[in-house]
Amino acid sequence: MSIESSIVEPDWPARLAAAQAHATAVEAELAAAQTRIAALEAQLGTASSSAQRHATQLAALVQTIRLGLVLVDNDGQIRFVNQYFMELFGLSVDQLPADPEAPIPYSAVHIDPAFADPAAFASRARALHAAGQTVLHEQFRLADGRLVELDYLVLDEQQAGRLICYRDVTEQFRHDEQLQAMSYLAEQNPNPILRLSAKGEPIYANAAAVPVLEALTTDARTELRHHLLSLVRAALRRPVQHQQTLAVAGQYYVFTAVAMPGQPYATLYLTNITARQQAEQRLAEQRRFYEAILNQLPIAVAVFDPEHRYIFVNPTVEPDASVRAWMLGKTDEEASRQHKRARTRATLRQRRAAFARILRERREVSWEESRRGEQEPRHILRSFRPMIGVGGELQMIISTGVDITERKRAEERAARQQEFYESILNLLPVDVAVFDPEHRFLFVNPSGISNPVVRRQVIGLSSAEYFASRPNQPAQLA
C-alpha cells in the first residue's frame, strides 16, 4: 500500500481492528465446536461401550436362560438358537455355522425325531407358522417321556419375525399331578372335611361333608353352628389341634379343628364315631345292667385290677355311694386307712398274701376271715378268682365275701348234736354201726370196735374192706 492510498483511506485502522475482532470470535467458536465434538465423541464412546456391555449381558442371558429359543425372520430363515435349545433336544453345536450372522440350516436344528409323535409335531408346527398368530402353552410329549411347552410369538410390530420358545415342564407337570392327586385325597376321603372362615362361612367342603354343610346352613342359629364357630376361633387363636364331639343329623363326629398360621380360616376334619358311640352306649347299658344285679346281691363283690386297685365295689362292701365312687382306683389298704374300715393288720396281711398267691398261681384262692359284729364275731368266707384274657394275661381279680356266720353256727350245733348222740351210742352195751347206701361206715360204737384208733380208720370203709384188712377180726358187724 502506498503512502497515497493510506492517506486516501483514513478508516483502514478501524477495519483492521474489526477484522481482528472477527477472527478472534471465529477462533473462539471453532474452539467451542471442537470441545463439543470431543464431548460428543466421548459420549459416543461411552454409549458404544455401554451398548456393547448390554449386548454381552443380553447374549449371556439368552444363552443361559432355561428356555429354548429359536428366532425365525420374516423370510423363514433361522437367525438364532440359544445354547439351552440345543441341550434340550440333544443337538450338537458343531452343526451351527461359524458365522453368527449367517442363517442356520434347518438340518442343524431338526428336532422332529425327538418327539413321541414326530408327524403330529411337524403338522402342528406347520399349522402355527401358516396361521401367523401368537399361540401360547402348546404341550408336546418327547420320545424320552419329558413334556415340553411351546410358545409361538409373532413379532410383527418389531419386524423381527417369529420367536419360538420351548420349556421343559416335566417337573412342573409332575408337581401339578401330585397336587391334583393330593386334592383327590381330600375329595375322596370318606370322612367329612370342612374349611370355614372366622365367621363360619364355608370355604371348602368335600363330598362327604355335604350333610354336615346342609345341617350347618339350614339354620344360622343352631347349636351346631355355635360349637363350630367356637372351634374355628379357638384354632385361629392358637394354631394347635382343638377337638370336640358333636352330633350332626343323627351321627356322632369328632371335630378336629386345625388352622395354618397366617391364614384366615380353619380346617375341620370329622371322624364318624357313631358306631363307637353306639357300642359305648351298649357297653354302658350292659354295665348298668350287670352292676344293678351285682348291687342287689347279698354278698360282698369287688373287682380289682392286677395292681390290687378297686375297679368295682357293690353296696354290700360299702353302702355309701360316694365312698364307693372314691374307692375306685384305690387299693384295699388305702381305702382302709381313709375310711377307718374295721380290718386288722392280720386281715390285711392275709389279703396281701392271697393276692400275691393268685398273681403267682393264677387260680382261685379262698380263706376265712373274722370281724367284729354288733353282738358277736362275724365269719366271712373270702375268695379271689382270676379272670384270664384270651392272650393269657391276667385282666382282673373278682373278690367275693360271703357271711357264713349262720352256717358256722349250724355246723357247731350239728357237731354238738353229733357229739351228744355219739356219747349215748358209745355207752350202749350192744354193737351199733351206721352205714351209707354203699355200705360204708359212717359210725361205729366201742362195743362194735373197741380200739379208738381203728374206729377212726374204719370210717369210709365198707364192711368187706374192713374185714379184709383185719382177717383175724370176728365178723360180728358183717
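Side chains included, hydrogens not; waters and symmetry mates left out as well; all remaining heavy atoms used.
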* Structure fact -> Contacts of R237 meeting side-chain hydrogen bond (donor to acceptor under 3.5 Å, both in side chains) (sequence neighbours excluded), chain-then-number -> none
* **Residue pairs involving residues 435-456 (criterion salt bridge (Lys or Arg N to Asp or Glu O under 4.0 Å); sequence neighbours excluded)** => E438-R440, R440-E465
* Structure fact -> Across all chains, not counting sequence neighbours, the side-chain hydrogen bond (donor to acceptor under 3.5 Å, both in side chains) partners of Q241 are none
* Is it true that atom CZ of R362 has more than 12 heavy atoms of other residues, nucleotides or ligands lying nearer than 6.0 Å? -> yes
* R162 side chain vs L71 backbone, donor-acceptor pair below 3.5 Å -> no
* To do: Check the pair V402 / I380 against side chain to side chain contact (heavy atoms under 4.5 Å, CB included), numbers first and verdict last.
  => CA-CA 5 Å; V402 181; I380 308 297; 5.9 Å; no
* **Counterpart residues, ring pair (Phe, Tyr, Trp, His ring centres under 6.0 Å), relative to F312 (two or more places apart)** => none
* Might you work through the side chain to side chain donor-acceptor pair (under 3.5 Å) test for D168 and T170, ending with a clear yes or no? => CA-CA 6 Å; D168 186 343; T170 306; 2.6 Å; yes
* Going by the ring pair (Phe, Tyr, Trp, His ring centres under 6.0 Å) test, which pairs reach into residues 258-308, not counting sequence neighbours? -> F304-H308, F304-Y310, H308-F355
* To do: Look at the side chain of N314 and the backbone N and O of I299, then say whether any donor-acceptor pair between them is shorter than 3.5 Å.
  => yes
* Calculate, to the nearest 0.5 Å, the distance between atoms CG and SG belonging to L150 and C165 respectively. => 8.0 Å
* Side chain T400, main chain V301, donor-acceptor under 3.5 Å -> no
* Determine which pairs satisfy side-chain hydrogen bond (donor to acceptor under 3.5 Å, both in side chains) with at least one residue from residues 110-127, sequence neighbours left out, and list them in order. => R124-E138
* Asked: Any chance CD of Q281 has more than 12 other-residue heavy atoms, nucleotides or ligands included, within less than 6.0 Å?
  -> yes
* Stepwise, does the side chain to side chain donor-acceptor pair (under 3.5 Å) test hold for T274 with Q251? -> CA-CA 6 Å; T274 304; Q251 299 290 305; 2.9 Å; yes
* To do: Only counting residues at least two apart or in another chain, list the ones meeting ring pair (Phe, Tyr, Trp, His ring centres under 6.0 Å) with F85.
  => F89, Y166
* Using a cut-off of 6.0 Å, state whether more than 12 heavy atoms not belonging to Q286 lie near its atom CD. => yes
* To do: Output every pair passing salt bridge (Lys or Arg N to Asp or Glu O under 4.0 Å) with a member in residues 386-405, not counting sequence neighbours, ordered by first then second residue.
  => R378-D403
* Asked: Checking R382 side chain against W367 main chain: does a donor-acceptor pair fall under 3.5 Å?
  -> no
* To do: Could you list the residues that satisfy side-chain hydrogen bond (donor to acceptor under 3.5 Å, both in side chains) with E361, not counting sequence neighbours?
  => R357, R363
* Asked: Is there a donor-acceptor pair closer than 3.5 Å between any side-chain N or O of T267 and the backbone N or O of I193?
  -> no
* To do: Mind running side chain to side chain donor-acceptor pair (under 3.5 Å) on N191 and T271 for me, showing each step along the way?
  => CA-CA 6 Å; N191 291 322; T271 304; 4.9 Å; no
* Is there any ring pair (Phe, Tyr, Trp, His ring centres under 6.0 Å) pair reaching into residues 230-257, and which pairs are they, with sequence neighbours excluded? -> none
* side-chain hydrogen bond (donor to acceptor under 3.5 Å, both in side chains) involving S322 - partner list, sequence neighbours excluded -> D320
* Taking atom NE2 of H227 as the centre, report whether more than 12 heavy atoms of other residues, nucleotides or ligands fall under 6.0 Å from it. => yes
* To do: Would you mind listing every salt bridge (Lys or Arg N to Asp or Glu O under 4.0 Å) that reaches into residues 282-297, with sequence neighbours excluded?
  => R287-E291
* **Any donor-acceptor N or O pair under 3.5 Å, side chains Q243, T256** => yes
* Asked: When you measure from the side chain of D332 to the backbone N and O of A335, does any donor-acceptor pair fall under 3.5 Å?
  -> no
